[in-house]
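In listed order, ligands and their atoms are each counted from 1.
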Amino acid sequence: MSSESTTSNRQDATETTDNEPETAVEIARRQLEHAVGHVDIDPNVIERLKHPTKVQEVTVPIERDDGTVEVFTGYRAHHDSVRGPHKGGLRFHPEVTRDECVGLSMWMTWKCAVMDLPFGGAKGGIAVNPKELSSDEKERLTRRFTEEIRGVIGPMKDIPAPDMGTDQQTMAWLMDAYSMQEGETIPGVVTGKPPVIGGSKGREEAPGRSVAIITREALEYYDQPMAEATIAMQGFGSVAANAARLLEDWGATIVAVSDVNGAIYDPSGLETHDIPTHNEQPEAVTEQDVPHVLTNDELLELDVDVLVPAAVGNVLTEDNASDVSADLIVEGANGPTTSAGGEILADRGIPVIPDILANAGGVTVSYFEWLQDINRRAWSLERVNDELESEMVDAWTDVCEAHDAHDVTWRDAAYIVALLRIAEAHEARGLWP
Ligand code: GLU
């Protein structure tokens with residue numbers, strides 16, 4: 001079972017004007033401010049949306065295998081729930097902070113609204129390096145964290161899912177810990193579980209599948225035939241590998257993929273099905289027998305039709321955005337483009353299809369999983385993939401309309417679609433009390 005390795009928001013490769021790293025919440029707020037300039041929405045609603053509704057901070061003590069006790073810090077941030085229960089991933093990563101969870105929870109609100117899912121945004125995590133924990137320690141950590149956040153999660157309140165450093169097994173422990181205390185089996189409290197306990201078929205592949213679908217639609221929009229398209233993919237975790245393999249199957253030439261040690265490049269095209277993913281064999285990409293080995297930085301500057309950053313956050317920055325040679329960027333990771341990097345790319349006329357649309361297949365199939373759990377009835381893989389295809393194309397069409405009508409960037413267009421839906425719901429419900 002693999003962890004969702006696309007959703008990091010590493011904060012060591014970005015910039016702000018005062019040289020402090022730009023945090024996820026800062027990027028999210030700047031993007032919001034930028035988008036609202038193009039659309040007529042009650043400023044009071046926007047003011048509300050700049051802030052999370054709640055951030056739960058907890059300490060999580062566990063007994064290590066050697067008998068010592070170690071205490072970790074965990075968070076669960078709720079951003080907005082006007083359209084339905086909070087929804088979003090749970091990550092185990094040493095750089096997890098409160099601000100990162102808040103920023104990522106804002107992106108989940110927009111992502112769910114762009115997809116027109118009846119969910120709001122959440123994100124959580126524990127500041128821990130999961131590679132340094134045994135499986136038993138991870139289980140104890142997950143169960144104790146579940147206990148600490150029990151009051152704020154639930155199938156109608158907030159539904160966690162896998163994210164960076166967590167996987168199907170983590171979700172199974174979370175579901176079990178929650179269910180045991182409630183006295184009944186409650187599969188709908190998490191998504192991304194193993195199918196044997198109510199997980200959905202196709203959930204693990206879904207973020208990569210949506211990246212491939214949106215790349216296909218974007219190529220068509222720009223009159224670029226798939227069969228002639230060259231694509232560089234940063235990463236080879238679940239999202240990048242699934243996207244690369246599908247796009248290769250659909251006729252594209254995947255010229256580069258990477259792992260943390262570097263990138264491999266073959267202008268005549270890589271056989272992506274033969275390269276082990278990060279989850280199958282960590283850090284195996286650069287061990288492949290191919291013509292060129294590049295650095296990750298060089299991959300980002302390759303002269304290709306499409307660049308898909310699908311590894312970590314904050315990789316397209318003011319330091320390298322001027323050197324990007326791709327004609328189109330599709331964001332597979334969450335937050336791969338910093339504010340300054342995004343401005344440079346916009347000035348250069350390089351379209352960037354945003355994460356909140358491109359990788360939204362994960363939360364969309366999470367929604368299908370939640371429906372299956374509520375109804376206690378599993379869907380076939382074919383049904384999951386057919387419904388995902390149609391949800392992605394509908395969302396693409398909505399974003400396309402906003403893009404063309406307002407003459408804005410793709411990110412602003414996705415924000416416009418999301419914000420109009422959220423604002424309408426806020427206006428209908430009003431402010432309580
Ligand atoms: N962690 C994934 C994301 O960032 C999925 C969240 C979910 O399925 O709730 O979109």
Side-chain angles (χ1 to χ4, degrees), residues 2-9 24 27-28 76-81 83-93 96 100-115 117-126 153-155 157-168 170-171 174-175 187-193 198-200 202-211 214 235 237-240 242-243 309-313 331-336 354-373 384 388 391-392 395 414 418:
S2 61
S3 61
E4 293 212 338
S5 55
T6 61
T7 44
S8 164
N9 199 61
I27 301 177
R76 188 71 187 167
H78 289 174
H79 175 240
D80 184 78
S81 63
R83 290 168 46 86
H86 297 279
K87 187 83 192 80
L90 176 68
R91 59 175 52 180
F92 290 175
H93 190 274
V96 165
E100 183 187 64
C101 292
V102 171
L104 289 160
S105 73
M106 291 172 74
W107 282 325
M108 286 308 303
T109 303
W110 322 139
K111 195 181 287 191
C112 293
V114 169
M115 295 307 303
L117 305 177
F119 289 137
K123 202 75 159 200
I126 302 179
I153 60 171
K157 266 192 207 171
D158 173 12
I159 306 125
D163 202 280
M164 203 188 177
T166 59
D167 58 18
Q168 289 191 354
T170 324
M171 297 304 116
L174 199 159
M175 175 203 149
V189 68
V190 286
T191 58
K193 306 174 286 297
S200 180
R203 170 62 184 80
E204 195 166 323
E205 300 79 22
R209 179 169 282 271
S210 70
V211 169
I214 293 299
S238 159
V239 177
N242 282 300
V312 292
E331 294 185 333
N334 283 333
D355 45 7
I356 58 169
L357 172 64
N359 71 24
V363 72
T364 303
V365 176
S366 278
Y367 169 57
F368 300 161
E369 180 171 331
W370 184 72
L371 293 177
Q372 292 170 68
D373 291 340
V384 169
L388 176 60
E391 298 281 346
M392 294 312 305

- Indicate, as side chain, backbone, both or neither, the part of Met171 found under 4.0 angstrom from ligand 1 when only non-hydrogen atoms are considered. neither
- Message: As an exercise, identify every atom of ligand 1 less than 4.0 angstrom from a heavy atom of Lys87.
- Response: 7 (C), 8 (O), 9 (O)
- So, is Ala161 polar-close to ligand 1, with some N/O to N/O distance under 3.5 Å? no
- Note on the structure: With sequence neighbours left out, the residues meeting salt bridge (charged side-chain N to carboxylate O under 4.0 Å, His left out) with Lys193 are Glu369, Asp373
- Taking every heavy atom of Ala418 against every heavy atom of Val114, the minimum-distance pair comes out as CB-CG2, 3.7 Å
- Item | Contact summary for Leu357 and Ala395, nearest pair of heavy atoms | CD1-CB, 3.8 Å
- Query: Closest heavy-atom contact between Lys123 and Met108?
  - Reply: NZ-SD, 4.1 Å
- Message: side chain to side chain contact (heavy atoms under 4.5 Å, CB included), that's the test. Do Arg203 and Ser366 meet it? Break it down for me.
- Response: CA-CA 7 Å; Arg203 170 62 184 80; Ser366 278; 2.9 Å; yes
- Those atoms of ligand 1 less than 4.0 Å from some heavy atom in Met108: 3 (C), 4 (O), 6 (C), 10 (O)
- Message: Suppose I only count heavy atoms of Gly88 and a 4.0 Å limit; which atoms of ligand 1 are within that range?
- Response: 9 (O)
- Start with the C-alpha distance between Thr364 and Glu391, add both sets of side-chain angles, then the distance that settles side chain to side chain donor-acceptor pair (under 3.5 Å), and finish with yes or no. CA-CA 8 Å; Thr364 303; Glu391 298 281 346; over 6 Å; no
- Task: Give the atoms of ligand 1, by number and element, whose distance to some non-hydrogen atom of Lys123 is under 4.0 Å.
- Result: 1 (N), 3 (C), 4 (O)
- Item | Contacting atoms of ligand 1, where contact means under 4.0 angstrom from a heavy atom of Asn334 | 4 (O)
- Message: Tell me whether ligand 1 is touched by Met164 - counting only heavy atoms on the residue side and a distance under 4.0 Å.
- Response: no
- Query: Hey, what do you get for NZ (Lys87) to CH2 (Trp370), rounding to the nearest 0.5 Å?
  - Reply: 10.0 Å
- Could you establish whether Pro207 and ligand 1 come within less than 4.0 Å of each other, counting only heavy atoms on the residue side? no
- Query: ligand 1 versus Pro160, non-hydrogen atoms closer than 4.0 Å: side chain, backbone, both, neither?
  - Reply: neither
- Query: How many angstroms lie between atom OG1 of Thr109 and atom CZ of Arg83, to the nearest 0.5 angstrom?
  - Reply: 10.0 Å
- Message: Please list, in number order, the atoms of ligand 1 under 4.0 Å from a heavy atom of Lys111.
- Response: 3 (C), 4 (O), 10 (O)
